[in-house]
There are 2 protein chains.
Amino acid sequence: MAARHDSKTRLLDAALKVVRTRGYNATRVEDICAEAGVTKGSFFHHFKSKDDLALAAVAHWIEMTGGFFAEAPYHAPADPLDRLLAYVDFRKSIIEGDIAEFTCLVGTMTQEIHESHPALRDACAASIFGHAATLEPDIEAAMRQRGIAPDWTPASLARHSQAVLQGAFILAKATGDRTVARESVDHLKRYIELLFASPFARKDRP
Amino acid sequence: MAARHDSKTRLLDAALKVVRTRGYNATRVEDICAEAGVTKGSFFHHFKSKDDLALAAVAHWIEMTGGFFAEAPYHAPADPLDRLLAYVDFRKSIIEGDIAEFTCLVGTMTQEIHESHPALRDACAASIFGHAATLEPDIEAAMRQRGIAPDWTPASLARHSQAVLQGAFILAKATGDRTVARESVDHLKRYIELLFASPFARKDRP
DNA sequence: CGATGCATACCGACTGGTCGGTCTGGCGTC
DNA sequence: GACGCCAGACCGACCAGTCGGTATGCATCG
């Protein structure tokens with residue numbers, strides 16, 4: 001176990017875990033080292049500073065979540081709206097276990113560092129909005145397919161879905177209970193269904 | 001100026017301002033003192049510790065926001081659904097100015113302290129869910145008046161609205177731009193309109 | 001009325017612990 | 001034998017909290 005040469009990855013994984021639970025500022029370098037089973041020497045061998053690690057951790061997060069969502073089953077349905085709804089279902093289904101396990105690293109960090117660490121904030125933003133952007137093609141396809149020409153854009157709905165999720169995580173942290181988060185995701189799903197189902201939104205209505 | 005005897009209030013006001021911008025952990029006691037134009041001695045005369053101040057600041061926040069929303073104009077409309085939609089409009093209209101000015105103190109703090117300070121977390125939760133609860137009567141009245149019997153509860157929609165707002169604030173912090181936040185509030189409003197307008201949700205549909 | 005005493009409000013130098021970051025030395029591997 | 005990788009003692013800045021002190025009411029009594 002704990003082979004040499006993988007300390008860097010283990011530090012990054014540890015950082016994700018610890019920062020997601022404690023937050024960024026409250027996380028000490030030694031907490032991450034302890035979680036990774038590594039010493040400070042190793043930490044500062046791989047990273048110039050704590051902030052440097054944070055940047056790397058966000059990059060690592062983007063890479064991990066990118067793969068995770070790319071391979072998730074929600075892309076299967078043939079219908080684009082079904083894919084979108086399957087995405088929402090999938091997001092709901094992974095709200096499971098410990099808070100740190102389903103919560104978003106970059107959303108958590110953004111709150112703490114948006115004023116003080118512009119570079120880090122931009123990296124967090126790239127993660128959130130990059131992920132949101134992956135939803136746009138399906139939203140746009142669904143709009144075309146259903147003949148809808150609304151006063152909102154695919155991009156704004158994609159961003160809104162991320163807002164709902166981020167907000168749901170906050171409520172979950174406030175209560176210590178996943179239920180309230182799932183509930184909000186249900187509302188998001190209902191919203192999307194209504195957006196595409198409502199006769200008032202259809203081009204072809206009388 | 002800066003009469004004696006109001007240091008405590010000035011410290012609380014300063015705490016709201018500084019914590020909303022920097023976050024809780026990154027805020028030093030001396031930052032709050034400087035903002036309040038008061039010294040450390042005064043701080044620790046009024047508060048046992050930084051955590052003690054945090055608790056008092058949340059209580060102060062609950063009191064301030066309680067009065068602010070109670071006196072806001074959105075209660076004017078006679079129709080309960082109109083009141084609810086006016087609330088959403090109002091929330092959108094106050095997303096203005098500096099990020100710290102429209103952002104939520106307790107949402108920010110929750111993220112940082114939910115694991116480490118249970119008492120503080122409960123106080124934050126009380127603020128969020130207490131505010132959400134003020135929306136329930138109007139939601140319920142609107143449901144009755146429009147003859148809607150949906151599969152969601154007034155409480156859950158009230159909580160969802162808070163989730164959207166909290167999430168919108170995160171996106172605003174990530175981009176440094178209010179626009180994304182307002183956009184999400186627009187989606188929330190559209191959702192509520194659809195919920196009450198959709199024939200699929202009506203009791204009296206064929 | 002002034003003096004005396006006491007409580008509350010406030011000040012700011014200081015302390016003691018904490019934590020990011022450094023440095024020296026060692027171990028394995030090519 | 002040099003170089004990447006790591007260990008952990010150590011340093012120094014920083015900061016929550018302390019402590020001895022001063023200032024300002026506000027009673028009560030002679």
Side-chain angles (χ1 to χ4, degrees), chain A residues 1-58 60 108-109 112-113 115-121 123, chain B residues 1-19 21-58 60 108-109 112-113 115-120 123:
Chain A
M1 59 175 218
R4 275 170 92 97
H5 292 285
D6 62 348
S7 298
K8 189 165 183 173
T9 312
R10 297 176 59 212
L11 281 165
L12 288 169
D13 287 335
L16 299 194
K17 179 168 180 186
V18 181
V19 172
R20 285 213 279 175
T21 47
R22 297 221 240 294
Y24 180 64
N25 286 319
T27 297
R28 295 170 304 147
V29 169
E30 279 174 322
D31 293 335
I32 297 170
C33 294
E35 178 68 32
V38 150
T39 62
K40 257 181 160 181
S42 181
F43 182 100
F44 284 100
H45 172 73
H46 291 291
F47 304 103
K48 283 202 315 288
S49 64
K50 187 186 170 187
D51 287 357
D52 183 40
L53 163 88
L55 232 26
V58 172
H60 189 217
T108 305
M109 287 184 54
E112 293 187 68
I113 52 79
E115 265 281 321
S116 48
H117 295 67
L120 200 42
R121 184 204 57 195
Chain B
M1 58 195 284
R4 274 171 91 94
H5 292 286
D6 62 347
S7 298
K8 189 166 183 172
T9 313
R10 296 176 59 213
L11 281 165
L12 287 170
D13 287 335
L16 299 194
K17 180 168 179 186
V18 182
V19 172
T21 47
R22 298 222 239 294
Y24 180 64
N25 286 318
T27 297
R28 294 171 304 145
V29 168
E30 277 172 320
D31 293 335
I32 297 171
C33 294
E35 178 68 32
V38 149
T39 61
K40 251 184 164 181
S42 183
F43 182 99
F44 284 101
H45 172 72
H46 291 291
F47 304 103
K48 283 202 316 290
S49 64
K50 188 186 170 188
D51 287 357
D52 183 39
L53 163 89
L55 232 25
V58 171
H60 189 217
T108 306
M109 287 183 56
E112 292 187 69
I113 52 77
E115 264 280 322
S116 49
H117 296 66
L120 199 44

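First the proteins, then the strands, lettered A, B, ... as listed; each starts at 1.
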Quick one: is [X] getting a side-chain N or O under 4.0 Å of the [N] phosphate, OP1 or OP2?
X	N	answer
His45(B)	dA9(C)	yes
Thr39(A)	dG8(D)	no
His46(B)	dT8(C)	no

Atom [atom1] of [X] and atom [atom2] of [N]: how far apart are they, to the nearest Å?
X	N	atom1	atom2	result
Phe47(B)	dT18(D)	CZ	P	15 Å
Ile32(B)	dG17(D)	CD1	P	11 Å
His117(B)	dA16(D)	NE2	C1'	12 Å

Closest non-hydrogen atom pair, [X] against [Y]:
X	Y	result
Ala123(B)	Leu55(B)	CB-CD1, 4.1 Å
Cys33(A)	Phe43(A)	SG-CB, 3.7 Å
Ile32(B)	Ala14(B)	O-CB, 3.6 Å
Asp51(B)	His117(B)	OD2-NE2, 3.0 Å
Thr27(A)	Val19(A)	OG1-CA, 3.8 Å

For DNA chain C, the residues among residues 14-22 of chain A that have a non-hydrogen atom under 4.0 Å from it: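 Output list: empty, so none.
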Salt bridge (Lys or Arg N to Asp or Glu O under 4.0 Å) partner of Glu35(B), chosen from Arg22(B), Lys17(B), Arg10(B):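 Answer after filtering Arg22(B), Lys17(B), Arg10(B): Lys17(B).
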Asp52(A) and His46(A): CA distance, side-chain angles, deciding distance, side-chain contact (heavy atoms from CB on, under 4.5 Å) verdict: CA-CA 9 Å; Asp52(A) 183 40; His46(A) 291 291; over 6 Å; no
For nucleotides 18-21 of chain C, give me every protein contact, N/O to N/O, under 3.5 Å, one pair per line with atom names.
from	atom 1	to	atom 2	distance (Å)
dC19(C)	OP2	Arg28(A)	NH1	2.9
dG20(C)	OP2	Val29(A)	N	2.9
dG20(C)	N7	Lys40(A)	NZ	2.9
dG20(C)	O6	Lys40(A)	NZ	3.4
dG21(C)	OP2	Lys50(A)	N	2.7
dG21(C)	N7	Lys40(A)	NZ	3.2
dG21(C)	O6	Lys40(A)	NZ	2.5

Separation between CD of Glu30(A) and OG1 of Thr39(A), rounded to the nearest 0.5 Å: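 These two atoms lie 10.0 Å from each other.
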